[in-house]
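Notes for the one structure printed next.
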Amino acid sequence: MANSFINASLPDTSDRMLFAVPKKGRLYDQCLGLLSSIGIEFNRKPRHDIALVTNMPIALVFLPAADIATYVAKGNIDIGITGLDIIRESQTENDVAELLRLGFGKCKLQVQAPLGHPVVSAEDLVGKRIVTSFINLTKQRFAELEGVDPEKIRTQVRFVSGSVEAACGLGLADGIVDLVESGDTMRAAGLHAIDTILDTESVLITNQHPRFPKLAETIKKRVEGILTARQYVLCQYNIDRKSLEMACRITPGRQAPTVTPLEQNGWVAVSVMVEKKLVGDKMDALSDIGATDILVLNIANARA
Ligand SMILES: Nc1ncnc2c1ncn2[C@@H]1O[C@H](COP(=O)(O)OP(=O)(O)OP(=O)(O)O)[C@@H](O)[C@H]1O
Ligand SMILES: O=P(O)(O)OC[C@H]1O[C@H](OP(=O)(O)OP(=O)(O)O)[C@H](O)[C@@H]1O
Ligand SMILES: [Mg+2]
């Protein structure tokens, strides 16, 4: 069960759900934005890694992303945000429950080797020197390639905590395993990707025996609403009732379009949710069938 923080200099969290978020790095800003969007209010003192939420029985715990899955799995933390890669690397996938994929922190864990060298596939690195922050996932991949258990691989896998991409240039490694988003870091280090171990993104997780199931469900529903709001826009337009069936095929909505009669004989107004990434094409198609006054409105929040 989660242990409340009993250190006298720390706030009493015994009656609060402990919610861990990355304290820095690539996920930090997105996590703060998400907390704000779901109405979680808190004041975090400088250098303090615990902040009491002022409007819900929650305590935010700011931890290194790499540690969050383990804390949640062991029940020290009730709910958290981290990367799928970290869950797999910390071998906690059987001990945490994935509530939602969050759509940010998307990247790939890839095997990388110096350009211009004869290494063109992960097989070419078997038995050689690999440097990574993801020891377990790297050993598993080379165990697959070598056809042995991870602890019996010939490939030499060494841990570094960051700036992994420098290892080949420094002569420490023949290849690396690291995260790739844009590829800028990889290319700047004269490396190229030769194998993808996994695709990752940030996820909301709890453990298998949550102490505050109802509150965790509330958080999940609020996050789901924000993710929906980010994925969709509200499209409104006027159309001749004769073309309404065609228009509804173009914009079917999540459930169905809202149709209201206009004060202009034979015309209706339609209001419907449309996926943000499709809205340009949908507006063109609506215009082509005679729709007018086509408006697109952002959605601040939503509940399915
Ligand atoms: N370049 C990236 N693009 C997208 N997501 C990333 C990227 N790098 C890391 N992540 C995600 O964020 C998680 C934490 O990585 P991050 O680099 O932010 O932590 P860190 O290395 O401890 O922090 P820092 O890089 O500030 O030292 C990763 O496990 C991954 O899920
Ligand atoms: O493909 P890109 O967009 O360049 O992103 C990939 C880089 O991002 C992360 O590094 P980070 O910035 O977290 O620094 P770190 O290596 O010190 O963790 C990761 O370790 C890669 O190095
Ligand atoms: Mg990093």
Side-chain angles (χ1 to χ4, degrees), residues 3 20 22 25-27 63-77 80-98 101 105-115 117-181 183 185-186 189-203 205-209:
N3 307 313
R26 302 283 183 139
L27 303 182
L63 296 170
D67 299 341
I68 291 177
T70 301
Y71 274 106
V72 172
K74 292 184 181 306
N76 307 101
I77 291 287
I81 294 175
T82 190
L84 279 171
D85 54 319
I86 290 172
I87 295 170
R88 290 281 307 280
E89 175 60 18
S90 56
Q91 300 176 321
T92 56
E93 55 266 46
N94 296 326
D95 304 309
V96 300
E98 182 186 308
R101 298 212 169 177
K106 289 186 173 183
C107 55
K108 294 176 181 297
L109 185 65
Q110 294 187 303
V111 182
Q112 305 167 41
L115 279 165
H117 286 218
V119 175
V120 294
S121 71
E123 286 79 359
D124 297 331
L125 285 173
V126 166
K128 295 193 186 298
R129 302 169 300 160
I130 309 289
V131 160
T132 183
S133 304
F134 296 88
I135 291 287
N136 293 322
L137 287 168
T138 301
K139 285 184 173 179
Q140 284 166 25
R141 180 68 183 114
F142 280 88
E144 287 166 15
L145 293 168
E146 296 185 36
V148 300
D149 288 339
E151 292 320 307
K152 293 196 170 59
I153 59 174
R154 288 186 297 114
T155 308
Q156 305 154 54
V157 181
R158 274 178 61 188
F159 175 82
V160 292
S161 62
S163 303
V164 180
E165 64 280 359
C168 294
L170 293 172
L172 299 174
D174 302 299
I176 68 165
V177 170
D178 197 20
L179 295 168
V180 179
E181 181 189 12
T185 303
M186 179 173 67
L191 303 171
H192 67 131
I194 57 175
D195 184 67
T196 296
I197 294 178
L198 89 155
D199 291 287
T200 182
E201 71 178 280
S202 296
V203 289
I205 57 173
T206 60
N207 52 49
Q208 301 294 5
H209 309 289

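What you see below is based on every heavy atom in this structure, not just the backbone, and it leaves out hydrogens, waters and symmetry mates. Quick caveat, the model's predicted, so the values are computed rather than measured.
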Quick check: closest heavy atoms across T82 and A65, and the distance to 0.1 Å?
OG1-O, 3.1 Å

Between V180 and Q112, does the side-chain contact (heavy atoms from CB on, under 4.5 Å) criterion hold? Intermediate values first, please.
CA-CA 10 Å; V180 179; Q112 305 167 41; 3.3 Å; yes

In the structure I gave you, are the side-chain heavy atoms of K106 and R101 within less than 4.5 Å of one another anywhere?
no

With no hydrogens and no angle check, is any side-chain donor or acceptor of T200 less than 3.5 Å from a backbone partner on C107?
no

Are the side chains of P22 and I68 in touch, meaning some heavy atoms are under 4.5 Å apart?
yes

Spacing of D124 atom CG and H117 atom NE2 [to the nearest 0.5 Å]:
13.0 Å

To the nearest 0.5 Å, tell me how far E93 CD sits from I205 CD1.
11.0 Å

Would you say D178 and F134 make side-chain contact, with heavy atoms under 4.5 Å?
yes

On a heavy-atom basis, which atom in L172 and which in R158 lie closest, and how many Å separate them?
O-NH1, 4.3 Å

Just how far is it from atom CD1 of I87 to atom CG of N94, taken to the nearest 0.5 Å?
11.5 Å

Pairwise side-chain contact, C168 with I176, heavy-atom cut-off 4.5 Å (strictly under)
yes

Below 4.5 Å, heavy atoms only, C-beta onward: do D174 and Q156 meet side chain to side chain?
no

Between E89 (side chain only) and I135 (backbone N and O only), is there a donor and an acceptor less than 3.5 Å apart?
yes

Distance, nearest 0.5 Å, that separates CG of L109 from CG of L84:
11.5 Å

Indicate the atoms forming the closest heavy-atom contact of A69 with T92, along with that distance.
CB-OG1, 3.5 Å

Inter-residue atom distance R26.CZ - S202.OG, 0.5 Å rounding
12.0 Å

Please find the pair of heavy atoms, one from V72 and one from T206, that lie closest to each other, and give the distance.
CG1-C, 3.4 Å

Would you find a donor on one side and an acceptor on the other, under 3.5 Å apart, between the side chain of S133 and the backbone of V160?
yes

Rounded to the nearest 0.5 Å, how far does CG of D85 lie from NZ of K108?
13.0 Å

State which residue, out of L137, V131, V157, V111, fulfils the side-chain contact (heavy atoms from CB on, under 4.5 Å) condition with V177.
V111

I need the full list of salt bridge (charged side-chain N to carboxylate O under 4.0 Å, His left out) pairs touching residues 132-145, with sequence neighbours left out, sorted by first then second residue.
K139-E151, R141-E144, R141-D195

If you look at every heavy atom in A193 and Q110, which pair is closest and at what distance?
CB-OE1, 3.5 Å

Side chain E146, main chain T155, donor-acceptor under 3.5 Å
yes

Which heavy atom of F142 sits nearest a heavy atom of I130, and at what distance?
CZ-CD1, 3.9 Å

Under 3.5 Å, is there a donor-acceptor pair between the side chain of N207 and the main chain of I77?
yes

